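When reading the values below, keep in mind they use all heavy atoms of this one structure, side chains included, and skip hydrogens, waters and symmetry mates. As the structure is a computational prediction, the values presented were derived from the model and not from experiment.
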Amino acid sequence: MDNDETFMKQAIELSKLAVAHGNEPFGAVLVKDGEVVFTNENQIYTRHDPTFHGEAGLIREFCAQTGVADLREYTMYSSCEPCFMCSGAMVWVKLGRLVYGASNTDLEHILGNEGCNCSALVFDNSFWHPQVTAGVLRDESLAVLKDYFGTHSKG
């Protein structure tokens, strides 16, 4: 198993923990030099903050706790493609690389919508363009999303 799969497994496990903690199934892992430096799970319900997504929450907490606001040397692993808000946050901190499992289009299809490639739309129209690797452990991520959104609505 390569590093991308190893770290993506952690992000997917965090998405499952988010559900166990009463939130939606999204998890994120921040890595530098092959080491996990920070993790976060979606906490929109438990923090009563609809912006505390896995990725944006990770960026907010990591930057606040470390004083590091330039993430060009970091890779973020996300169980699902980041939304527009989270992708925008990645631009502002100059994230070096993003790796995600299921796409936003995958998620939106589960929800009965068309969807779009959020991260590409934001990155392609911004001053900063993280490297992106899509579809790592996509099926595993999709299984968690289907399980949750089969019985829950979004938001």
Side-chain angles (χ1 to χ4, degrees), residues 1-47 49-66 68 71-111 115-120 122-123 129-150 152 154-155:
M1 180 180 313
D2 69 15
N3 279 345
D4 282 352
E5 289 185 359
T6 299
F7 296 127
M8 184 58 68
K9 280 194 178 297
Q10 289 180 285
I12 293 169
E13 287 305 311
L14 286 163
S15 74
K16 294 174 185 176
L17 281 175
V19 171
H21 296 145
N23 296 290
E24 292 183 352
F26 303 98
V29 174
L30 190 63
V31 173
K32 183 178 180 189
D33 300 327
E35 299 289 327
V36 173
V37 295
F38 213 82
T39 65
N40 189 56
E41 61 191 54
N42 179 288
Q43 298 175 55
I44 63 171
Y45 299 129
T46 53
R47 286 201 182 209
D49 180 352
T51 69
F52 213 94
H53 293 192
E55 306 90 344
L58 183 151
I59 290 169
R60 189 178 307 144
E61 294 293 313
F62 176 77
C63 293
Q65 291 181 27
T66 65
V68 175
L71 302 185
R72 68 183 78 212
E73 296 179 11
Y74 295 76
T75 298
M76 186 178 299
Y77 292 84
S78 179
S79 60
C80 186
E81 179 181 4
C83 71
F84 291 111
M85 175 188 69
C86 292
S87 295
M90 291 173 189
V91 168
W92 288 114
V93 296
K94 298 179 182 159
L95 181 69
R97 182 169 177 242
L98 167 66
V99 180
Y100 64 83
S103 69
N104 178 65
T105 303
D106 291 331
L107 171 61
E108 291 295 335
H109 285 164
I110 293 167
L111 300 171
C116 66
N117 187 225
C118 298
S119 59
V122 172
F123 299 158
H129 310 277
Q131 289 183 308
V132 177
T133 303
V136 175
L137 300 182
R138 176 180 176 263
D139 291 340
E140 290 87 335
S141 178
L142 271 173
V144 176
L145 294 170
K146 286 177 181 176
D147 183 55
Y148 180 83
F149 289 113
H152 297 82
K154 181 84 179 89

Please assess T39 against Q10 for the test side chain to side chain contact (heavy atoms under 4.5 Å, CB included), listing each intermediate value before the final yes or no. CA-CA 9 Å; T39 65; Q10 289 180 285; 5.6 Å; no
Working note: C63 + V93, criterion side chain to side chain contact (heavy atoms under 4.5 Å, CB included); need CA distance, chi angles, decisive distance, verdict. CA-CA 9 Å; C63 293; V93 296; 4.2 Å; yes
Checking V122 against V91 for the side chain to side chain contact (heavy atoms under 4.5 Å, CB included) test, could you report, in this order, the C-alpha distance in whole Å, the side-chain angles of both residues, the deciding distance, and whether it holds? CA-CA 8 Å; V122 172; V91 168; 4.0 Å; yes
Step by step, work out the side chain to side chain contact (heavy atoms under 4.5 Å, CB included) result for L107 and F26. CA-CA 11 Å; L107 171 61; F26 303 98; 4.0 Å; yes
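Atoms CG and CG, on L142 and D147 in that order, are 12.0 Å from each other to the nearest 0.5 Å. The structure places NE2 of H53 at 5.5 Å from SG of C86, a figure rounded to the nearest 0.5 Å. Rounding to the nearest 0.5 Å places CG of L98 at 12.0 Å from CG of L71. Distance check, rounded to the nearest 0.5 Å: CG of L58 to CE of M90 gives 8.5 Å. Interatomic distance, OG1 of T46 versus CD of E41, reported as 7.0 Å (0.5 Å rounding). Taking CD of E13 as the reference point, atom OG of S79 lies at 10.5 Å (rounded to 0.5 Å).
D139 places no side-chain N or O within 3.5 Å of a backbone atom of S141 that could act as its donor or acceptor partner. Between the D106 side chain and the S103 main chain, a donor and an acceptor come within less than 3.5 Å of each other.
Nearest heavy-atom pair across T105 and G115 is OG1-C, 4.1 Å. In plain terms, the two heavy atoms of N23 and Q43 that are nearest each other are OD1-C, 3.2 Å. Minimum interatomic distance between P82 and C118 (heavy atoms only, all atoms of both residues): O-CB, 3.4 Å. Closest heavy-atom contact between A28 and M76: CB-SD, 4.2 Å. Minimum interatomic distance between V144 and S15 (heavy atoms only, all atoms of both residues): CG1-OG, 3.6 Å. Across every non-hydrogen atom of G22 and Y45, the tightest pair is O-CD1, 3.3 Å.
Residues L145 and C80 have side chains in contact (heavy-atom distance under 4.5 Å, counting atoms from C-beta outward). A heavy-atom distance below 4.5 Å is not found between the side chains of Y74 and V31. Counting heavy atoms from C-beta on, the side chains of P130 and F123 come closer than 4.5 Å. Residues C83 and N104 are not in side-chain contact: their nearest non-hydrogen atoms beyond the backbone lie 4.5 Å or more apart. Side-chain contact check for T75 versus L95: every heavy-atom pair is 4.5 Å or farther apart. With contacts defined as side-chain heavy-atom distances shorter than 4.5 Å, the pair L137/I12 qualifies. Contact of the Y77 side chain with the E5 side chain is not registered, since no non-hydrogen atoms from C-beta on lie closer than 4.5 Å.
Within the structure, side-chain hydrogen bond (donor to acceptor under 3.5 Å, both in side chains) pairs that include any residue of residues 80-93 comprise E81-N117, E81-S119 (at least two apart or interchain).
More than 12 non-hydrogen atoms from other residues, nucleotides or ligands lie less than 6.0 angstrom from CD of Q65.
The ring pair (Phe, Tyr, Trp, His ring centres under 6.0 Å) test applied to F38 returns F62, not counting sequence neighbours. In this structure K154 satisfies the side chain to side chain donor-acceptor pair (under 3.5 Å) test together with E24, sequence neighbours excluded.
Side-chain atoms of T51 and R60 include a donor-acceptor pair closer than 3.5 Å. A donor-acceptor pair shorter than 3.5 Å cannot be found between the side chains of T6 and N3.
A salt bridge links E61 and R47; the closest N-O separation between the charged side-chain nitrogens and carboxylate oxygens is under 4.0 Å.
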